[in-house]
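Just the heavy atoms: all of them, side chains too, but no hydrogens, waters or symmetry mates, feed the values below. We're numbering straight along the sequence, starting at 1.
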Amino acid sequence: MPLLVDKSYSMKCTGNSPPQIPHQWYQPGEILIGGIVTHIGCASQMIQFRQRSDQDYDCQPLVKQTSASNSSQNTGYAEPYRLYIQKGIRHINGSNIRQLLCLLTKFYQLVLALVFAIREINENPSILPNVTLGFHIRDSTTLEKWIYRITLDLLFASPEFIPNYKCGTQKNMIGIIGGNTLETTTDMATLLSLYKIPQLACGSVESDEDGPTGHPSVYHLFPKEALQYEGIVQLLLHFRWKWVGLITMDDERGDRFLQTLEPMLFRNGICSAFTEKAQRNIELENMDHMIMLKDSNSINFLKSNAHAIVVYGEIGTFLWLATILFVPAMAEALTNDDNVKRTSVGKVWITTAQVDFAFISIQKALDIELFHGALSFSVPSKDIPGFHKFLQLLNPSWAKEDGFIKDFWEQVFDCMLPGSENYAEICTEEERLEDVPATFFEMSMTDHSYSIYNAVYALAHALHTLDSSRSKHRAVDNEGRLASLNVPPWKLHAVLQRIAFNNSAGEEVDFNEHGEMKGFDITNLVTFPNKSYIRVKIGRLDPQVPLNERVIINEDRIQWNRHHLQVPPYSRCNDNCKPGYIKKKKEGEKFCCYLCDWCPQGEMSDKEDMDYCITCFEDHYPNQGQNQCLPKIPNFLSFPEPMSIILAFLAISFSLITALVLLAFIMHQDTPIVKANNRTLTYILLVSLLLCFLCSLLFIGRPNKVTCLLRQMTFGIVFCVAVSSVLAKTMIVVIAFMASKPGIPFQKWVGNHLALYIIISCTFVQASICTIWLGTSPPFPDLDTHSLSREIIVQCNEGSITMFYCVLGYIGFLATVCFLVAFKARKLPDSFNEAKFITFSMLVFCNVWLSFVPTYLSTKGKDMVAVEIFSILVSGAGLLGCIFFPKCYIILLRPELNKREQLKRKMP
C-alpha cells in the first residue's frame with residue numbers, strides 16, 4: 001500500500017475525526033519520536049444505545065468496578081467492606097464510581113523516561129547537533145482497535161484523520177517506541193511493518209517464531225520468553241523447589257505458557273501443584289462478588305502446601321492476584337476473626353519480567369507486604385544520572401503540553417487540581433513524589449523505563465550514524481536545515497541492526513541477531529511499613545553460559561518473608577526422603593508426591609530423595625543408618641587377638657609337653673615299659689605330635705602365599721604320620737600276639753621293618769594326594785567380601801575343596817582303621833598292652849574330627865580357622881594324653897612298676 005504525501009499542502013483532506021484519547025503529550029521538533037504507553041488501567045464509562053462507540057473511550061477494564069449499591073445481600077461484611085474500600089478511594093462515592101478512569105500511575109514513569117532521554121539528547125552537542133528532537137506520546141489500552149487507531153494517528157496526524165495520507169503539517173516520525181505489553185507490541189508491529197518504520201518494543205517477546213519477532217521492523221529490548229522459562233526452571237532447581245504453583249493469564253498466552261513450561265518442569269523432576277488462571281473482570285465494589293470469591297475455590301490454591309508460586313503474565317495478572325489476596329486480608333482486618341487467615345503468608349512469589357508490582361487507586365488499602373521476599377526476573381537496568389532529580393522537579397504546572405500529569409497527580413495524591421470535580425481536597429502542587437508508595441510510582445528508574453530510555457538513544461545514535469556517514473554529501477538548504485532530516489525511516493534498519501553504544505550509565509547497549517537485548521537480572525522484593533518497596537538485585541540469568549550455570553544467585557542478599565520458618569523456604573509435596581530411604585510412589589498422585597521406604601538390607605542411599613538404593617563396593621558395607629558406605633574390616637586370626645594368643649599358648653604348651661614326654665622316654669629308653677612299646681614308633685609318634693602342635697601356628701596371622709601352601713599340606717602329612725604311627729603300634733601288638741601261637745607264620749613280620757613300612761606306605765598315599773592338590777589347584781590367599789556384611793575375610797582359598805576333603809578323609813580313614821584294630825586288641829593278655837589307650841585316643845580323635853566338619857562348614861572367617869586349630873590341638877592332645885600319660889605316670893611317678901620282674905608277674 002503506497003504512502004502518498006501531498007507536498008503542495010494545497011489539498012484539503014476530509015475524513016472522520018479520531019476519538020479523543022484522554023492522554024497525550026506532543027512536543028514539536030525537526031524529527032519526531034513516537035511513543036505508545038498503556039497507561040489506562042480501566043475506564044468503565046457506560047455507552048448509551050444512541051451513542052457512537054468510536055467517539056467514546058470504551059476500554060475493557062483490567063479490574064471491573066460496579067456501584068456499591070448493586071450489592072443486594074447484606075452478609076454482615078458489606079458496610080465495613082465499603083469503609084475499607086474508601087480507604088483507597090475515599091473521594092469517590094457509590095453513585096459515581098462507574099465514571100472513574102483508573103490509571104496505572106506507575107507507568108507514567110515510562111512517559112517521563114522518554115521525555116527525559118529526548119531532553120538529554122537535545123542538550124548534548126555530540127549527538128545530532130543542530131537537530132531538535134520532538135516527541136508525540138499517546139495513551140492506549142490493551143484493546144486492538146484502539147492500538148491500531150492510535151498507531152495510525154501517530155503516523156498520519158492531521159486535523160482530518162485519513163489513514164495512508166499525510167495532509168497539512170508534515171510530521172517527520174522517524175520511529176515509534178512502545179509496546180510494554182505483548183499484545184500492544186504485536187498490534188503496533190502489524191501496522192508499522194507495512195511502512196517499514198522502526199519499532200522499539202519494551203515489552204515481552206514470544207518464544208515461538210510466530211510472535212512479533214517475525215516482523216523485521218521490530219527491535220526488542222526484552223529477551224525472548226524462552227530464556228525466562230529456562231531461568232524459572234533453574235531457579236526452582238537452585239532452591240530445590242519441586243512442588244510449585246502456576247498462575248497465568250486466562251488467555252491463549254497463558255495456555256502457551258503452561259504447555260511450554262510444564263514439560264520442562266517434568267523433565268527436571270518438578271511438579272505443578274496447581275494451575276490458576278487470572279480472571280480479567282473482578283467486581284471490586286460488588287460485595288456479593290467479593291464474598292463469592294472469598295468462599296469459592298478460586299482462592300483455595302493459596303491453601304496449597306506449595307510455597308513457591310510462579311506468576312506469569314503482565315500487569316493485569318498482578319492486579320487480579322492482588323485483588324484475590326485483598327479479600328482475606330480485608331476479612332481479617334475487619335472481623336478480627338482468628339479463623340480467617342491470610343493465606344498468602346509463607347508464599348514465595350516468582351514473577352516474570354512482564355509482571356510489575358503496581359496498584360490502581362482503588363487498591364491503596366492493600367499492603368504490598370504480602371509480596372515481601374518475592375523473586376522477579378527483570379531486564380538489567382542501572383540508575384541514570386539526573387533522572388531522580390528530574391522526577392523531583394515534576395509539577396503539574398511544569399509542562400502545559402503534558403496531558404498525563406493532571407490525572408496522574410490527582411489519583412496518586414487523592415486531591416483535585418483546578419478544573420476537576422468530585423474531590424474533597426485541593427492539591428497544593430507541592431506534594432512530593434518521594435512520599436508515594438512504590439506500587440503507584442517509583443523514584444528509581446524501572447527496567448521498562450530503562451528500556452525506553454535506551455530505545456530513544458538507540459534511535460538517536462542510529463540517526464547520528466546515518467548522518468555522519470553522509471557528511472560528505474550533506475547539503476544545506478536555504479533555511480540551514482540538514483538534508484538528512486528527510487531520510488526515510490526505513491533506512492534506519494541497517495544501522496539499528498548493528499548499533500552499539502554506551503549510555504550515560506556506562507552500560508553498553510546493542511541488539512543481538514534477533515533484534516533483542518540479552519539476559520535478565522533476578523531481583524528480590526523488599527517491602528517497608530510505609531507500603532513502599534525496593535528491588536534488590538540478587539542474581540543474574542546469563543544466556544551465554546551452559547544451561548545448568550545460567551542462574552547465578554547470591555543467597556546472602558535475599559530477604560525472605562518473615563513468616564518463613566525455614567530459610568530458604570521449603571516447597572515440596574511431602575518431606576524429603578532422608579539418606580537411608582528411597583522414594584516409593586503414591587498411587588494416584590503426581591511423581592513429586594511419594595512415600596519413603598527403608599533401603600533393602602545391604603544397600604544404602606547417601607542423598608535425599610533417591611529413586612533407588614545402591615550397593616556399596618565389595619570392600620565397603622552400609623552403616624546402621626544405611627546412608628553411607630564404610631570400609632569393611634579385614635577378618636583374619638591375627639596374633640594380637642585374645643583368641644589367637646590362647647590358641648598359640650595352647651599349641652606351644654602342648655609342644656613343650658610333647659617334647660618333655662619325648663625327653664622322658666629317651667632318658668628311660670632302656671626301661672622295660674619303653675622297650676615293650678617299640679621305642680622307634682614311640683619316638684616317631686611323639687615327634688609327629690610335636691610337629692602337629694607346631695603346625696597349628698601356621699594358621700595364625702594374615703594369610704600369604706607361603707602360609708597358604710604350607711598350612712594344609714603340613715597338617716595333612718604330619719597328622720598322617722601320627723595316625724599311621726598309632727596304627728603301626730596297634731598292628732605290631734596284634735601281630736606279636738598272633739605270632740606267639742604255634743603254627744602261625746607271623747614271626748618274620750614282627751619287628752621295626754613292618755612298622756616303618758606301614759608308616760611310609762600310609763604317608764606316601766597322603767603325600768601323593770597333597771602333590772596332586774598342589775599340582776592342580778593349590779591353595780592361595782583370597783578375599784571373601786560376601787560372606788560377612790561388615791568384614792572382609794582374608795583367607796586361604798583351598799583351591800580344590802575336593803582335595804582338601806580328600807586329605808581330611810584319608811586321615812579319618814586311617815583313624816577309623818586304627819580304632820577298629822585297637823578295639824579288637826584291647827583285651828589281649830599283655831601287661832603293657834597299649835590297645836586300650838589307643839582305642840580311647842582314637843575314639844577322642846574321631847569324635848573331634850567328626851564334630852569338626854559341621855562346625856567348620858557353619859563358621860566363617862577367623863572363626864573357621866580357630867575351629868581347625870582347636871581340632872588339631874584337641875585331637876593331638878587326645879593322642880598324647882591317652883597314649884603317653886599312663887606310661888609317663890609309671891616312668892616318672894611309679895618307677896617300681898617299670899621293672900622286668902613286675903612285667904613277668906603280670907603275664908599268665
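A distance-only check finds no donor-acceptor pair linking the side chain of T707 to the backbone of P703 [under 3.5 Å]. When atom types are taken as modelled, the side chain of T859 and the backbone of Y856 share a donor-acceptor pair closer than 3.5 angstrom. With H307 contributing its side chain and V348 its backbone, the two residues share no donor-acceptor pair below 3.5 Å. Remark: side-chain polar atoms of R557 are paired, donor with acceptor, to backbone N or O of K537 under 3.5 angstrom. Put simply, the side chain of D447 never gets that close to the backbone of S451: no donor and acceptor are under 3.5 Å apart. With hydrogens and angles ignored, the 3.5 Å screen pairs no side-chain donor or acceptor of T351 with any backbone N or O of V311. Judged purely by atom type and a 3.5 angstrom limit, S532 uses its side chain to pair as donor or acceptor with the backbone of A438. One N or O on the side chain of N635 and one on the backbone of K862 form a donor-acceptor pair closer than 3.5 Å. Although no hydrogens or angles enter the test, the distance criterion places no donor-acceptor pair under 3.5 Å between the side chain of N797 and the main chain of F780. Put simply, the side chain of D521 never gets that close to the backbone of S378: no donor and acceptor are under 3.5 Å apart.
A disulfide bridge connects C629 to C616: their SG atoms sit within less than 2.5 Å of one another. Taken as a pair, C593 and C271 fail the criterion of an SG-SG distance shorter than 2.5 angstrom.
Within the model, atoms OG1 of T785 and NZ of K632 stand 5.0 Å from one another, a figure rounded to the nearest 0.5 Å. Rounding to the nearest 0.5 Å places CG of L541 at 6.0 Å from CD1 of I522. S571 OG to F239 CZ: the interatomic distance, rounded to the nearest 0.5 Å, is 12.0 Å. Between L375 atom CG and I232 atom CD1 the span is 11.5 Å, to the nearest 0.5 Å.
Below 30°, between 30° and 60°, or above 60°: for H620 and F617 the angle between ring planes is above 60°, a perpendicular geometry. Using the six-membered ring where Trp is involved, W241 and W560 have ring planes that are perpendicular, over 60° apart on the 30 and 60° scheme. Classification of the F359-F318 ring pair by plane angle, with boundaries at 30° and 60°, yields parallel.
A salt bridge links E442 to R535: at least one charged side-chain nitrogen sits closer than 4.0 Å to a carboxylate oxygen. Using a 4.0 Å cut-off between charged side-chain N and carboxylate O, K860 and E791 make no salt bridge. Ion pairing between D609 and R572 holds under the 4.0 Å rule for side-chain N and carboxylate O. At a threshold of 4.0 Å, the pair E868-R711 does not count as salt-bridged, since none of the basic side-chain nitrogens sits closer than that to a carboxylate oxygen. Note on K583 versus D611: salt bridge recorded, some NZ/NE/NH1/NH2 to OD/OE distance being below 4.0 Å.
No side-chain heavy atom of L236 sits less than 4.5 Å from a side-chain heavy atom of N268. Within the 4.5 Å cutoff, the side chain of F699 has heavy atoms near those of the Q712 side chain. Side-chain atoms of L525 and S376, non-hydrogen and from C-beta on, never get closer than 4.5 Å to each other. For the pair L370/T527, no side-chain contact is recorded, criterion being any heavy-atom separation below 4.5 Å from C-beta on. The side-chain heavy atoms of I315 and K106, taken from C-beta on, include no pair separated by under 4.5 Å. Between E798 and M803 the shortest side-chain heavy-atom distance does not fall below 4.5 Å. In this structure, the side chains of L783 and Q795 stay at 4.5 Å or more apart for every pair of heavy atoms. Inter-residue side-chain proximity for V310 and I247 is flagged as unmet; no heavy-atom pair is nearer than 4.5 Å.
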Between C577 and C596, does a disulfide (SG to SG under 2.5 Å) hold up when you go through it step by step?
-> CA-CA 5 Å; C577 288; C596 298; 2.0 Å; yes
Verdict with reasoning, R240 to E608, per salt bridge (Lys or Arg N to Asp or Glu O under 4.0 Å) | CA-CA 11 Å; R240 304 178 67 187; E608 291 185 343; 2.8 Å; yes
For H220 and T185, what are the C-alpha separation, side-chain angles and deciding distance, and is it a side-chain contact (heavy atoms from CB on, under 4.5 Å)?
-> CA-CA 9 Å; H220 293 280; T185 301; 3.8 Å; yes
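The nearest pair of heavy atoms linking C573 to C592 is CB-O, 3.5 Å. Nearest heavy-atom pair, P634 versus R702, reported as atom, atom and distance to 0.1 Å: CB-NH1, 4.2 Å.
Exactly one residue among Y312, F371, F377, F357 makes a ring pair (Phe, Tyr, Trp, His ring centres under 6.0 Å) with W349. That residue is F371.
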